[in-house]
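Inspection log for the structure reproduced underneath, given as C-alpha cells.
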Amino acid sequence: MSGAGPQPARGAVRLLTVFAAAAVFAAAWGALNPPAPPGPDADLYDDLAVARHLLRGDGFLSDTVYPLSLAFPFARDVPQPLVHRQPAWPLLLTVPVAAARDDPEEAVEGARLLALLLLSLAATAGLAAASRCGLGEAALPWLLLLLASPLLAMTTGWAQVEAPAGLALSLLWWRLRESPPGDAASWRRGAVDGALAACVALVRLDLCWVPWLWLVGRRRLIGRAGVACAVAWTLTLVPWGARNLALTGNPAFTLQAYAEHLKETPAWPGYSIYQSLSPEPFWQTLARDPALIATKTLAGLNWFAARLGRWLPWPLWLAALLLILPRRVRRYGPTGAPAANDAAPLRLLVLTSALLIVQYSALSHTLRYLTVLLPALGLEVWLGLAAWLKERRPSWPTGARALVLALWMAVVQLVAPAYVQGWEDARRDAVRAQADVARAVALARTLPPGPLFADSSAVLWRAGRAGVWLPSDPAVEAQVRARVPRLAAAPTVRLRDAP
C-alpha cells in the first residue's frame with residue numbers, strides 16, 4: 001500500500017507538465033502569429049462545410065464542387081459526395097463547427113485554435129521524446145525552430161490539413177525511434193503503430209507510403225508486432241475504403257489522382273485542370289506524354305531545391321549532412337533504445353524528405369506539403385547536434401548546453417531566416433479580400449435556394465450555400481449546366497461583381 005500512492009501523484013505531475021508545456025508553447029505561438037483570415041479559396045472552407053454536413057446527419061458531402069469531378073457519374077450532384085478530401089480532418093472539425101453554433105466566423109476561429117492545439121501537442125510530444133533520449137537540451141532550440149517557421153505559421157494559422165498530418169507523422173516517428181529496430185515483442189505496440197499509419201492515410205492519402213517506409217526502415221514489420229500493425233492498419237481503413245468502393249468502384253479514389261500531375265503544365269496552367277471536364281489518371285498521361293511528366297518533375301526538383309532553406313534553414317541542412325556521414329559515436333539514452341546521436345534515424349528522415357520532394361515534383365510544386373516532416377526532422381537534427389556537443393563538453397550542465405544550442409538557433413535564424421514571401425503576400429491579399437467576400441456573401445444570401453456558380457469557397461461557406469467553382473471557360477460552364485440539371489439556371493456570384 002505504501003508504494004502505491006506516489007505513482008498516481010507522479011502521473012498527475014507529468015500530466016500537468018504536459019498541459020503547462022502545451023499552454024506555454026501555444027501562448028508564444030499566438031503572440032508571434034496574430035490571427036489572419038484564410039484566403040477566399042482556402043481549403044479550410046471545404047473541410048468546414050463537410051463538417052457541417054456531418055453534424056446535420058447528411059454524411060460526407062461537400063458544398064464546394066470542382067467542375068472536374070462532374071465528369072464522373074457518381075459525383076454529379078450539388079452538394080456532392082466527398083471525392084476530393086480524406087475524412088479525418090473534416091471529422092475533427094466537427095468540434096469547432098458544433099461549438100460555433102452556426103456562426104461561420106466563429107467556426108473558422110475555432111478551427112485555427114484546433115490547429116494550434118495540434119501543433120502544441122506535437123511540441124509537447126517532442127519535448128518528451130527529447131527527454132527520453134537523455135538529450136533534453138535539444139528541446140529549446142527545436143521549439144525556437146517551430147516558432148520561427150513561416151510554413152508552420154501558415155499551416156496552423158489557416159488550419160490546413162498539414163496540421164493533423166504533421167502531428168500523426170511526428171507521433172509515429174517518435175514511437176518508432178524510441179524502440180530498438182526489429183522490436184517485435186508487443187501486439188499492442190504494433191497495433192498502435194498500424195492505427196497511426198492508417199490515420200496518416202485518412203488525413204492525406206498522398207502520404208500513405210511514408211509510415212510504411214519508416215516501419216520497414218526500423219524493421220518493425222516482423223513477428224507479432226508486424227501482424228498487429230497490418231491488422232490495425234487494415235481495420236482502421238476499411239470503413240472509408242468500403243464507402244469509396246461502393247460509391248466510386250475504387251477504395252482509394254481521390255479526384256487529385258486525375259489532375260495533380262497535369263496542374264501547372266503548359267496545357268493546363270495554374271489550377272485550370274480542376275475547372276475542366278477532362279480527368280486523366282497519372283499512368284495514362286505517362287503513357288501518352290512521358291515528356292510532360294519528365295519536364296514537370298525536373299522543373300519541380302529545381303523548384304524545391306531552390307527553396308529548401310525556406311523549409312529548414314540552410315545551416316541546419318548542412319548540419320544534417322555532416323551528422324549522417326559515417327562516424328564513431330558514443331551512446332546516450334535509456335538502455336536498449338537507439339542512440340540519440342546514431343545517424344540511422346536522421347538518414348531515414350532525410351531519405352523520406354528526398355522521396356517526398358520527388359513525388360511532389362511530379363505532382364504539385366507546393367512547399368507547405370513538406371511541412372508535415374518539419375517537427376520530426378527538426379528535432380532529429382537538434383538531437384544530433386546536442387549529442388555532438390555532449391560528447392565534447394560532458395562536464396557542462398544540461399542547462400548550459402541548452403543555452404548554447406538555443407543561441408546557435410538564434411544565430412541560424414538571423415543568418416538564414418526561413419522567410420516565405422508567398423505566405424506574407426497571401427496574408428495581405430486575404431485581408432484585402434475580406435470586403436469583397438462580405439459583399440458577395442450578402443448577394444448570395446439574397447438569391448433563391450439552390451446551387452450557385454462561385455469563384456470563392458469562402459462565399460459558399462459563409463453564405464451557407466453549395467456551388468460549383470466557376471469555370472474560366474464559358475464553353476465548359478455551358479457543358480456543366482447541361483450535364484447537371486440542377487445547375488441549368490444556377491446564378492453566378494463573383495467576388496469582383498458583388499455590389
Side-chain angles (χ1 to χ4, degrees), residues 40-43 45-54 56-87 90 104 243-250 253-260 262-263 267-268 270-281 284 437 440-441 443-498:
D41 300 316
D43 293 342
Y45 300 117
D46 299 5
D47 294 319
L48 287 171
V50 177
R52 182 165 57 192
H53 279 292
L54 287 170
R56 292 174 178 174
D58 302 331
F60 287 94
L61 293 181
S62 175
D63 283 344
T64 302
V65 175
Y66 293 176
L68 185 69
S69 64
L70 299 174
F72 298 92
F74 51 78
R76 290 178 188 171
D77 202 0
V78 184
Q80 178 187 74
L82 184 64
V83 293
H84 66 289
R85 296 275 186 270
Q86 291 296 95
R243 177 263 189 190
N244 282 342
L245 182 64
L247 176 67
T248 72
N250 179 355
F253 182 89
T254 179
L255 184 65
Q256 284 82 348
Y258 296 83
E260 284 295 291
L262 295 169
K263 186 178 70 177
W268 299 103
Y271 284 75
S272 60
I273 181 61
Y274 285 101
Q275 295 179 302
S276 76
L277 292 168
S278 305
E280 184 174 87
Q284 185 176 332
V437 170
V441 169
L443 173 61
R445 286 173 175 166
T446 66
L447 297 173
L452 310 172
F453 282 91
D455 60 357
S456 165
S457 55
V459 171
L460 296 175
W461 162 251
R462 291 175 177 168
R465 305 293 294 263
V468 176
W469 184 10
L470 180 67
S472 56
D473 185 346
V476 174
E477 180 183 346
Q479 293 177 49
V480 169
R481 290 182 182 274
R483 187 165 294 191
V484 183
R486 294 187 66 204
L487 295 172
T492 298
V493 177
R494 297 182 180 88
L495 288 185
R496 295 175 183 172
D497 294 344

Any [X] side-chain heavy atom under 4.5 Å of [Y] side chain:
| X | Y | value |
| --- | --- | --- |
| L61 | V50 | no |
| V83 | L247 | yes |
| F60 | P81 | no |
| R52 | L54 | no |
| L487 | F453 | yes |
| N250 | N244 | no |
| L68 | L255 | yes |

Q. What residue among L70, V468, V484, D63 forms side chain to side chain contact (heavy atoms under 4.5 Å, CB included) with Q80?
A. L70
Q | L452: which of L460, V459, V78 passes side chain to side chain contact (heavy atoms under 4.5 Å, CB included) | A | L460
Can you see which heavy atom on [X] is nearest to which on [Y], and at what distance?
| X | Y | value |
| --- | --- | --- |
| L262 | W268 | O-CB, 3.4 Å |
| A463 | R445 | CA-NE, 3.9 Å |
| A51 | P90 | CB-O, 3.4 Å |
| V480 | P67 | CG2-CB, 4.4 Å |
| S276 | V476 | CA-CG1, 4.3 Å |
| A75 | S69 | CB-O, 3.4 Å |

Q. Parallel, tilted or perpendicular: which describes the rings of F253 and Y258, with under 30° parallel and over 60° perpendicular?
A. tilted
Q: Mind checking the CD1-OH spacing from I273 to Y66? Nearest 0.5 Å is all I need.
A: 13.0 Å
(Q) Let me confirm one number: the CZ-CZ distance from R76 to R483, rounded to the nearest 0.5 Å. (A) 4.5 Å
With sequence neighbours excluded, tell me which residues meet side chain to side chain contact (heavy atoms under 4.5 Å, CB included) with [X].
| X | value |
| --- | --- |
| P40 | A433, V437, S456, L495 |
| A257 | T254 |
| Y271 | K263, Y274, W469 |

(Q) Ignoring hydrogens and geometry beyond distance, is a side-chain donor-acceptor pair present between T64 and D46 at under 3.5 Å? (A) yes
Q) Who are the ring pair (Phe, Tyr, Trp, His ring centres under 6.0 Å) partners of H53, not counting sequence neighbours? A) none
(Q) What I want to find out is whether D43 reaches R85 closely enough, with some N-O distance under 4.0 Å, to be called a salt bridge. (A) yes
(Q) Strictly by salt bridge (charged side-chain N to carboxylate O under 4.0 Å, His left out), give each pair with a member in residues 462-474 just once, sequence neighbours left out. (A) E105-R462
Q. Q479 side chain to L277 main-chain N or O, any donor-acceptor pair under 3.5 Å?
A. no
**Q.** Side-chain donor/acceptor of T446 to backbone N/O of L443, under 3.5 Å
**A.** yes
(Q) Taking salt bridge (charged side-chain N to carboxylate O under 4.0 Å, His left out) as the definition, give me every residue that meets it alongside R481, ordered by chain and number, with sequence neighbours left out. (A) E477
